[in-house]
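Take a look at the structure set out below.
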Amino acid sequence: MFKCDYHTHTKFSFDGAPDSSADSLCKAAVERGITDLAITDHFECNWRQESAYPPYDADSAYAEIMAAKEKYKSKLNLTYGIEIGQANQFPKEARALLAAHDYEFVIGSIHNLRGALDFHYWDFKRVFDDMSPAYIGYCFERYIDELCEVVDSLDKIDTVAHLTYMHRYCAMSGNEYDFMQHSDKMEKLFKKIISRDIALEVNVSTLWKGFGFPMPDKDILSLYRECGGRLITVGTDSHSPDHIGESVEEGFNTLRRVGLRDILVVRNGEKHVEKI
Ligand SMILES: [Zn+2]
Ligand SMILES: [Zn+2]
């Protein structure tokens, strides 16, 4: 039975666990009945200019993934992918990476707004107390604008990752924010990706971490469908073998409830749509 995990990190990501090798992720995937796995290590385009992130060793990652592809070929469809962060801020870096490596699957992300720290480091509680929810709204609109720029910056991009990434950190600080207030803005992004056959990712890390919603959540997924969106990718955003495949079924169930059934995977370099 079809089961995928299309957003995972090895130790070649700056925040990957030391035991997160391509081999250990594949082993965990096979044990948990995953049929399709994509390894999508981080490449943050601003790593050099802003010293915000350590470098990514693309060649070593490639060698490990290719060895795992061969070893697990009878049990698992393994896809060689990448998660490109902030392609809009340093498009030359993104294009050079894509020109030098034959990634089968490309995720586009925004982890930090221009000139700002990764949302991971924001103190959303303090922001709420000091500056009001209007500030969150302002940042969210900037975030969507930057995601639109990411899509425009990349000739090859297969999915847009963890839309509402800041939702996780808002929730962590105990603040509720209704991102649906910005549905007009999100519609623009959806129309842009739909017109280019780019998928929307459902990131289930917030499900296995116990937040109770995926990124994006059910209401936003409904909005995507209303805009004509169909194509979805699903990933755990695991940074170690421990959570490979976790909560993917729950993610599928959320998608079924809003009528989204087309899951994009890439097999031997070719796109396929699996119905759930
Ligand atoms: Zn990410
Ligand atoms: Zn990731």
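Both counts, for ligands and for their atoms, begin at 1 and track the order of listing. Please read these numbers as outputs of a predicted model, since none were measured by experiment.
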From CA spacing to verdict: ring pair (Phe, Tyr, Trp, His ring centres under 6.0 Å), Tyr165, His111: CA-CA 8 Å; Tyr165 176 54; His111 297 122; 5.3 Å; yes
Sequence neighbours left out, what passes ring pair (Phe, Tyr, Trp, His ring centres under 6.0 Å) with His272? Give chain and number order. none
Salt bridge (Lys or Arg N to Asp or Glu O under 4.0 Å) pairs, two or more places apart, involving residues 86-96: Arg48-Glu93
At distances under 2.8 Å, what protein N, O or S atoms surround the Zn ion (ligand 1)? Glu83 OE2, His111 NE2, His162 NE2
How would you list, by chain and number, every residue that makes a ring pair (Phe, Tyr, Trp, His ring centres under 6.0 Å) with Phe90, sequence neighbours excluded? none
Working to the nearest 0.5 angstrom, can you tell me the gap between Gln89 CD and Ser153 OG? 9.5 Å
Given side chains that start at C-beta, do those of Tyr56 and Ile82 come closer than 4.5 Å, heavy atoms only? yes
